[in-house]
Structure formats: structure tokens, C-alpha cells
Amino acid sequence: MKKGEVTILAIETSCDETAAAVLRGNVGSKKPEFKILSSVLRSQIKLHAAWGGVVPEIAARAHVSAIKPVVEKALSNYGLKLEARSSKLEPVVDFIAVTSGPGLIASLLVGVEFAKTLASVWDVPMLPTNHMLGHLYSPFGQSTKNDRVPSILFPMLSVIVSGGHTMLVLQKDESHYKVIGSTVDDAAGEAFDKVARMLELPYPGGPEISKLALKGKPNIRFPRPMLDKKNYDFSFSGLKTSVLYYLQKLEARSSQLKADVARSFEQAVVDVLVGKATRAAKEYNCKTISLSGGVAANTRLRKTLAQECKKLKIDCIVPPFALCTDNAGMIAIAAYFSLRANKKPRKPEEVHADAGWEI
Ligand code: KG4
Ligand code: ZN
């Protein structure tokens with residue numbers, strides 16, 4: 001083993017995906033050097049679709065039945081067994097990282113308690129990791145398949161848009177970051193999901209809206225909430241309500257009209273996100289903008305942000321889809337960077353799930 005080389009097993013169960021990953025990297029290198037050796041995910045989307053959203057009780061139960069096989073698979077892809085014991089002859093992993101928050105408490109507890117048990121049995125230290133830092137560091141994972149960690153130019157502005165969060169994070173260098181804006185009500189993904197429900201589309205609504213929007217025209221003028229406000233906060237609740245009022249006033253909803261609503265709503269969200277992100281990037285002289293979280297899968301958002309970045313001569317990074325939505329690879333990456341920043345590993349008894357953990 002090279003000096004500074006570590007292996008991290010990461011576990012993620014904050015919402016409705018049970019995930020585990022194994023990362024190997026060098027924490028002492030000048031530039032980040034790591035590779036995700038294995039990443040396994042079991043999605044619960046089908047279980048929740050019937051209810052039109054994530055049901056916390058169902059999510060927690062599904063994590064309980066999925067966690068062991070998912071962790072076993074992640075380890076076996078890397079050539080290890082869950083039954084392996086920590087010894088000089090048979091090293092297991094050096095650290096166990098686990099998403100400890102934010103998220104649904106019953107879901108978080110499954111991953112955290114499983115990780116704590118494993119860490120106690122194997123006698124390895126733990127790296128409790130914030131889910132949002134997973135999204136923040138996900139751009140570093142974009143080309144690890146080629147064994148090459150991208151060199152990112154700082155300052156970087158991260159746009160984190162998911163079902164639970166909308167955040168602008170300013171990252172000065174590898175280890176220093178500051179949240180400069182977030183949503184005051186609904187998250188962007190949540191607004192996509194709620195508007196999809198109004199249009200009688202299945203859950204999760206984001207991909208459905210973007211599919212339907214391809215057939216529509218942006219000819220309905222929905223509001224662009226807080227776009228002109230001086231701060232970097234967001235609000236999507238009013239936009240959602242104006243779509244609701246618009247639909248309520250209609251006598252009939254033709255399929256073309258539904259497509260126009262989807263397209264016009266999507267455009268309003270994209271205008272706000274891209275408008276605020278580029279303004280912040282200019283103000284803070286950012287050299288890079290990165291987009292992450294589930295909503296980063298939206299093609300119009302990716303394209304528009306890339307076009308605006310090109311105009312401003314700013315690098316635009318959008319990680320591959322599998323790293324944008326919830327996964328354990330991003331948790332392993334965030335944990336790896338916490339070691340590079342000399343954050344102290346924890347004993348299992350010091351690790352606790354915290355549903356409201358803010359970065
Ligand atoms: O990051 P993520 O997988 O989970 C959370 O941490 O919330 O994000 C899920 C969110 C959902 O709200 C989903 O509707 C949204 O991402 N989403 C999209 C698209 N694909 C997923 N939103 C807009 N357009 C998409 N193509
Ligand atoms: Zn997430």
C-alpha cells in the first residue's frame with residue numbers, strides 16, 4: 001500500500017435509494033487522486049410511485065431489507081466479503097463513511113446503525129458525512145472511470161438542485177465552502193414533482209415534465225420568483241401555485257396545453273436557476289460552475305447553463321447522471337476530501353443520524 005493510500009466504504013440511505021460504494025485514493029497527494037472501485041444502488045422509486053411521493057415508513061422498511069445485499073455487492077465487486085475480519089492478513093477497509101444527515105430520520109438511521117455495527121465489528125474508524133457535501137463534491141467524480149480526477153478551477157460555484165434542496169454554494173478551494181443561497185420554501189425538484197402531479201404525471205415528476213416539455217411551447221408566462229432580488233435565495237412555492245391557478249381556470253386540458261404548461265414551467269425554473277447562478281458566479285469571480293443533484297438531469301437546465309457559462313468564459317461541470325442523483329459514490333468522495341482536509345475520523349459511538357444537519 002502506498003503512503004497515504006486509503007480505502008473507504010461509503011453507505012447512503014438518506015431518502016429512497018439504498019447505496020454503497022468503495023473508493024480507493026491517496027489522501028496525501030498534492031492533487032486529489034482516487035477511484036471509485038464499486039458503486040451499487042437499489043432504487044425504491046417503484047415502491048413510492050403508487051403513493052405519488054416518498055413515504056418515509058415504506059422507505060425505512062425497504063432500506064432495512066436492502067442494506068445488507070447492497071453493501072455485500074459493493075464489497076464483492078471490490079473482492080471483499082462482508083464476513084471479512086480486520087486483520088493484518090486480510091485488511092477490510094480503512095474507513096466507513098455514512099450519510100448521517102440531512103434526510104428522513106428513519107431512513108438515515110438504517111444506514112447509520114448498519115455502518116456503526118460494521119465499524120465496531122471490523123474495528124475501523126468512521127467518517128459521518130453530510131449528504132449535501134456528497135452533492136457538492138460529486139463533480140470530482142465525473143471522470144474517475146479513466147482513473148483521472150478532473151482538475152477543477154476555483155473559486156467554483158456549485159448549484160445543488162434536488163428533491164429536497166436548492167442551494168448555491170461558493171467553494172473557494174478544495175476544502176472551504178460557504179452556502180450563499182438556498183430555497184425559502186419548496187426545493188426545485190419538489191416543485192417539478194408537485195407540478196407533475198397537477199398534470200396527472202407519475203412520480204418522480206421531474207423526468208416526466210422534461211419529457212412532456214419537449215412537445216410544448218414556452219408560451220405561458222409564469223413568474224420567475226426572486227430572480228430580481230439582490231440575494232441568492234430561491235422560492236418555488238409561488239411558481240407552483242401560479243401553475244395550479246392557471247390549470248384551475250381552464251375548462252379543458254388538451255394534451256398540447258399540458259405540454260405547453262410543462263415547457264413554460266420548466267423554462268421559468270431554468271431562468272431562475274441559471275440567472276441567479278451566473279450572477280453569483282460573476283460577483284464572486286468564479287472560474288467554474290458545477291451543477292449537481294437530481295434536477296441536474298434536466299437537459300434544458302444543463303444546456304442553458306452550459307451556454308451561459310460559455311458566454312462568460314466560465315468552465316461548466318455537470319457530473320454524469322449516475323453521480324447527479326443520490327448515490328454512495330459521492331458520499332465516498334466527500335469523505336475522501338474530509339480526510340484530505342484533516343477532519344477527525346469518529347468512533348462508532350460518536351456517530352449519530354441528524355435529519356436537519358446543515359453544512
Ligand atoms: O438528488 P435526488 O436524486 O434526490 C434528492 O436528494 O432529493 O433528486 C431527485 C429529484 C426529484 O425531485 C426528481 O423529480 C428530480 O430530481 N429530477 C428531475 C429530473 N430528473 C430527476 N427534475 C427535472 N428534470 C429532470 N429530468
Ligand atoms: Zn440528494
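All of these numbers come straight from a predicted model, not from anything done at the bench. We count ligands from 1, going down the list as the structure has it; atoms in each ligand are counted the same way. Quick note: residue numbers are just sequence positions, from 1.
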Would Ile67 end up clustered with Val351 when hydrophobic side chains under 4.5 Å apart are linked, directly or stepwise? yes

Provide, to 0.1 Å, the distance between atom 4 (O) of ligand 1 and the closest protein heavy atom, together with that atom's residue and name. Asp326 OD2, 3.3 Å

For the OH atom of Tyr284 and the OH atom of Tyr232, what is their distance to the nearest 0.5 Å? 6.0 Å

Could you tell me if any non-hydrogen atom of Cys15 lies under 4.0 Å from any atom of ligand 1? no

Distance-only side-chain donor-acceptor flag, Ser235 / Asp185, under 3.5 Å: yes

Ion pair check, Lys116 and Glu349, cut-off under 4.0 Å: no

Relative to the heavy atoms of Gly189, which atoms of ligand 1 are at a distance of less than 4.0 Å? 12 (O)

Suppose we measure from atom 24 (N) of ligand 1 to each protein heavy atom; which comes out shortest, and what is that distance? Asn298 ND2, 3.1 Å

Nearest protein heavy atom with distance in Å, relative to atom 13 (C) of ligand 1: Asp193 OD1, 3.8 Å

With the threshold set at 4.0 Å, does a side-chain nitrogen-carboxylate oxygen contact exist between Lys240 and Glu190? no

Given the side-chain rings of Phe140 and Phe337, with only the six-membered ring counted for Trp, is the space between their centroids under 6.0 Å? yes

His131 near ligand 1 by a heavy-atom separation under 4.0 Å: yes

Please list the nearest protein heavy atom to atom 1 (O) of ligand 1 with its residue and the distance rounded to 0.1 Å. Gly294 N, 2.9 Å

Quick one: which ligand 1 atoms are inside 4.0 Å of a heavy atom on Gly164? 7 (O)

Enumerated ligand 1 atoms positioned under 4.0 Å from heavy atoms of Ser162: 1 (O), 5 (C), 6 (O), 7 (O), 8 (O)

Between Lys276 and Phe234, is NZ or CZ placed under 6.0 angstrom from the six-membered ring centre and within 45° of the ring axis? yes

Verify side-chain hydrogen bond (donor to acceptor under 3.5 Å, both in side chains) between His63 and Thr18, making sure each step is shown before the conclusion. CA-CA 6 Å; His63 284 308; Thr18 317; 2.8 Å; yes

Specify the protein heavy atom at minimum distance from atom 7 (O) of ligand 1: its residue, its atom name, and the distance to 0.1 Å. Gly163 N, 2.7 Å

With clusters defined by side-chain heavy atoms of hydrophobic residues (ILVMFWY) lying less than 4.5 Å apart, directly or transitively, does Phe154 cluster with Leu168? no

Determine whether the side chains of Glu12 and Thr99 contain a donor N or O and an acceptor N or O closer than 3.5 Å. yes

Here the atoms of ligand 1 under 4.0 Å from any heavy atom belonging to Ser210 are 24 (N), 25 (C), 26 (N)

Min side-chain heavy-atom separation Asp94-Ile8 under 4.5 Å: no

Does ligand 1 have an atom that lies less than 4.0 angstrom from a heavy atom of His135? yes

Compute the shortest N/O to N/O distance between Gly206 and ligand 1 and return yes if it is under 3.5 Å, no if not. yes

Ala297: numbered ligand 1 atoms lying under 4.0 Å from its heavy atoms: 20 (N), 26 (N)

Check whether the side chains of Asn327 and Glu17 place a donor and an acceptor atom closer than 3.5 Å, and report yes or no. no

Take the Zn ion (ligand 2) as the centre and count protein N, O or S atoms at distances under 2.8 Å. 3

Flag the pair Ile58 / Trp51 as yes when at least one side-chain heavy-atom distance between them is below 4.5 Å, and no otherwise. yes

